[in-house]
Every structure is written in C-alpha cells, then in structure tokens.
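See structure below.
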Amino acid sequence: MSTPGVDQVPFSYATCSIGSPSSPLPEKLSALSNAGFTAVELAFPDILSYAASLNGHDVAPDNYPELVKVAKKIRQLCDTHNLKVMMLQPFANFEGWPRGSKEREDAFKRANGWSEIMTAVGTDLLQVGSTDTPNDKLTTSQEDIITDLRELADLLGTRNQRIAYENWCWSSHAPTWKQVWEIVRAVDRPNIGLCLDAFQTAGSEYGDPTTSSGHIEDSPFTTEQLTQQYNASLDELARTIPADKIYLLQVSDAYKPLSPFDNKTIDGARPRARWSHSFRPMPYRGGYLPIEEMGRAVLKTGFRSWFSMEIFDGGKTGKEEPGEMGPYAKLAMASAKRFLESCAAA
C-alpha cells in the first residue's frame, strides 16, 4: 500500500447486514469472527431478537432494564468471539421534534435508554442518522437541530460516550456529508463527530434510483460535469474535515435498479430510503457508484480508523435472499480488504 499507516486500518461489520432478520445473533457473531472482522456495529433489532430468544417472548424496545441485562450477555458473547462492539446503531428520528412535544420527550427517553445499553455492551459510540421520516411535525430548522444534538452530546458526555452523526441520503435536512459536517461544527462538542458512508455520499451527490441512467439528472450538468462536481465535493471533504472528527467510514455500493423507482414516498420511505434498504451490495459485486473516490478522500484526511461494512444486498430486484453467513462474511472481508487497498493505492 502506498498510503502510510493504511495497513493498521481495522475492519468492522454491521450485524444488521448479514443473514436475515431471523438469523440468530450468536451465529452472526461467529461468522464475522471467523472471517477476520475484529468489531461489529451492533444493530438494535439484533438486541431485540436476542432478547426474545433468551426470554421466550418479545421484549419491548423501551424495556431498558431488561435490554441492559441482554446487552451484558451480548458483550460476553462478543468477548467469546474476540469481537469489540464498536458502535450501537441506528438511532433514528431523534432531532427536530417541537419543543415541549411528547415526541421530543420520548426521543430523549430513548437516548437515555440507549446510552445505558451502550454502557452494558461496552461501546462508547452511538450512530445518529440525520432525521429521515417524513413528518409534518418535524422541523428542518438548523438552530433547533443543533440544539437537540448539543443536548444529546451533553447527555452522552456524562458517560464518556460519543455521537457519530451520519448523513442519510434521503434525509429531510442533511443528506450530504457537508451538511452534517456543518451541523457537527455548530454543535461544537468534543464528543460529536461523523459517521461517513460511501453509499450515502455517492447516493446523495451522484446516484439517483428514480432515473433511467441511475445518476442525478435534475440539474443543468452533463454526466461528465456531475462527476466533476462530485469529485470536487470529495476534494473539499479531504481538505476540510480533521481526521479525528471522522469516527468511521461505512462501506457498501449500490445496484442500479432494473427499472427506475417511482419518485414518491411509499410506506413512509422516500426513493433513496427504499434503495438503501435492499440494493446495497459489497464493493465489486455488481454495484455502480463511485465509492472508491469516497474512500480515497477519507484516507486523504489522515483517517486510519474503522472501515465498516454495512451491506443490504437483495440483488438487483431487491428481493433476493442472502447467502450462507459463513461464506458471505469471508467474501465481505475480501471485499473490504480490496476496497481499502484500491483506495490507498490511488
């Protein structure tokens, strides 16, 4: 590798990204450990499913005393497999609720509960996605969003925990890396940084599942000019974000849908949200987005921390079943290494 220090970059994997919703968490952890991953992003639904398997019945998502007990057992499981819980995810639809509303009160109760789970499972990092659910009550006021995240940072700070704020490419207020970076800077707390994502950035600034070409067309740019604009954005990322404000890079590609998506919200999900849910293979498995450019830009900042695979591969139809977890995890590790090597060699 030509980029210094890249051989020290560790690899993680999101537990929601392997197997099926019914796959037992212990089997997921075993497959990931055997493939050589050293950490996981622990997905909250996996905590709930493991809680149900232990208790013989569903456990409510706000039953934090019980979930904390389960989290401690998950930590023991991870220790058995030599895996670290790098982050708890996905904490969604937190910011932007009206002051004094029940929704805002519930959001902070949820934050406190998740923070307790983080302590129990042994991670200090919470992924917060830029609010994504269309709702008339939610505000896109930057001042309110910054205030909410500042309060969350202060809450987590009492337990020495951090926020990894991520741009979701269908977000109502911050779909791009630059928008979440501006918010993080304005929050101005030492324990908030970025969860960058190759799919989310390429999917917001280059790709578009509603067009026949698969890239953004509602602009005056030609395809070549769109590519130039995307590359200029990544050059700015590399120049302006300090490495210590990037907590991880999530890695996946995207399929171009066989036919363009309807440009409307379906079951509460915008087109890019539906695209994200089922059309995200690992690199070099049929995707088309310019994701290596994103990886190179992140490395140029000096970042040498987690490259984390977050894959939602339903094939080009979005409905295919995932393969066996053991072989799939090994393919993902090979893909992660190839992706890092390609980004470092450029």
Side-chain angles (χ1 to χ4, degrees), residues 10-94 106 109-129 156 159 161-162 164 166 195 248 250 252 277-278 280 306 308-314 321-330 332-333:
F11 295 110
S12 176
Y13 198 107
T15 62
C16 55
S17 297
I18 189 166
S20 67
S22 61
S23 297
L25 179 61
E27 293 181 18
K28 293 184 177 188
L29 298 177
S30 177
L32 295 172
S33 176
N34 289 337
F37 290 96
T38 56
V40 294
E41 299 177 39
L42 180 61
F44 191 75
D46 281 313
I47 301 176
L48 295 177
S49 65
Y50 191 55
S53 70
L54 291 177
N55 288 276
H57 58 80
D58 288 344
V59 176
D62 60 352
N63 184 351
Y64 297 114
E66 186 60 39
L67 293 178
V68 164
K69 293 177 186 177
V70 173
K72 290 177 180 177
K73 293 178 180 179
I74 292 174
R75 184 174 186 174
Q76 292 172 350
L77 261 182
C78 289
D79 288 345
T80 299
H81 292 291
N82 295 312
L83 289 168
K84 168 188 171 68
V85 178
M86 182 264 289
M87 184 172 73
L88 179 62
Q89 64 110 316
F91 196 65
N93 300 317
F94 167 75
D106 289 345
K109 285 181 180 177
R110 187 162 48 102
N112 191 65
W114 281 48
S115 176
E116 292 174 353
I117 291 170
M118 289 166 65
T119 298
V121 85
T123 185
D124 72 337
L125 193 58
L126 177 66
Q127 180 206 54
V128 178
L156 295 181
R159 295 186 174 115
Q161 295 168 345
R162 301 174 295 155
E166 180 179 6
C195 170
L248 72 152
Q250 292 178 324
S252 66
H277 185 268
S278 303
R280 288 170 57 179
W306 296 102
S308 192
M309 303 296 278
E310 190 187 46
I311 302 158
F312 301 103
D313 190 349
E321 293 295 322
E324 290 184 33
M325 288 191 288
Y328 195 82
K330 290 177 180 177
M333 175 55 81

Next item on the list: For Y50 and K73, work out which heavy atoms get closest and say how close.
Entry: CE2-CB, 4.5 Å

Next item on the list: Return the minimal non-hydrogen interatomic distance between M118 and D124, and the atom names on each side.
Entry: CE-C, 3.5 Å

Check: If every non-hydrogen atom of M87 is compared with every non-hydrogen atom of A164, which pair is closest and at what distance?
Finding: SD-CB, 4.0 Å

Margin query: Distance check, rounded to the nearest 0.5 Å: D79 atom CG versus I74 atom CD1?
Written below: 12.0 Å

Checklist line | Criterion side chain to side chain contact (heavy atoms under 4.5 Å, CB included) on V70 and I117, from CA distance to verdict | finding: CA-CA 9 Å; V70 173; I117 291 170; over 6 Å; no

Notebook entry, point to check: Are any side-chain N or O atoms of T123 and backbone N or O atoms of V85, one a donor and one an acceptor, separated by less than 3.5 Å?
Noted result: yes

Checklist line | H277 and F312 aromatic ring geometry - parallel, tilted or perpendicular at 30°/60° bounds | finding: parallel

Margin query: Just verifying a value: how many Å separate S49 OG and L25 CG, rounded to the nearest 0.5 Å?
Written below: 6.5 Å

Next item on the list: Could you tell me which non-hydrogen atom of C195 sits nearest to which non-hydrogen atom of Q127, and how far apart they are?
Entry: SG-NE2, 4.0 Å

Notebook entry, point to check: Any side-chain heavy atom of E41 sitting closer than 4.5 Å to one from L248?
Noted result: yes

Next item on the list: Check whether any side-chain heavy atom of M309 lies under 4.5 Å from a side-chain heavy atom of F37, and answer yes or no.
Entry: yes

Check: K72: what forms a side-chain contact (heavy atoms from CB on, under 4.5 Å) with it, not counting sequence neighbours?
Finding: V68, A120

Note to self: Is the terminal nitrogen or CZ of R110 (NZ for Lys, CZ for Arg) located under 6.0 angstrom from the six-membered ring centre of F94 and within 45° of that ring's axis?
What the structure shows: no

Next item on the list: Kindly compute the distance separating SG (C78) from CG (L42), expressed to the nearest 0.5 Å.
Entry: 6.5 Å

Next item on the list: State whether the side chain of T15 and the backbone N or O of A43 hold a donor-acceptor pair below 3.5 Å, judged by distance alone.
Entry: yes

Next item on the list: Please round to the nearest 0.5 Å and tell me the distance separating atom CZ of R159 and atom CD of E116.
Entry: 5.0 Å

Next item on the list: Give me the ring orientation class for F44 and W114: parallel if the planes are under 30° apart, tilted from 30 to 60°, perpendicular past 60°.
Entry: parallel

Check: Under 3.5 Å, side chain of Q161 to main-chain N/O of S115, donor-acceptor pair present?
Finding: yes

Check: If only atom types and distance count, is the side chain of S33 paired as donor or acceptor with the main-chain N or O of S30 below 3.5 Å?
Finding: no

Checklist line | Flag, side chain of S12 to backbone of S308, donor-acceptor distance under 3.5 Å | finding: no

Note to self: For a quick check under 3.5 Å, do E166 and Q89 share a side-chain donor-acceptor pair by atom type?
What the structure shows: no

Notebook entry, point to check: Could you go step by step and tell me if K84 and T38 meet the side chain to side chain contact (heavy atoms under 4.5 Å, CB included) rule?
Noted result: CA-CA 6 Å; K84 168 188 171 68; T38 56; over 6 Å; no

Next item on the list: Could you tell me the separation between the CD atom of E324 and the CD1 atom of I18, rounded to the nearest 0.5 Å?
Entry: 11.0 Å

Check: In Å and rounded to the nearest 0.5 Å, what is the CD to OG distance from E310 to S17?
Finding: 5.0 Å

Note to self: Please find the pair of heavy atoms, one from P322 and one from S20, that lie closest to each other, and give the distance.
What the structure shows: CG-N, 4.3 Å

Note to self: Is the shortest side-chain heavy-atom distance between V121 and I47 below 4.5 Å?
What the structure shows: no

Item checked: Shortest non-hydrogen contact from H81 toward L29 -> CD2-CB, 3.9 Å

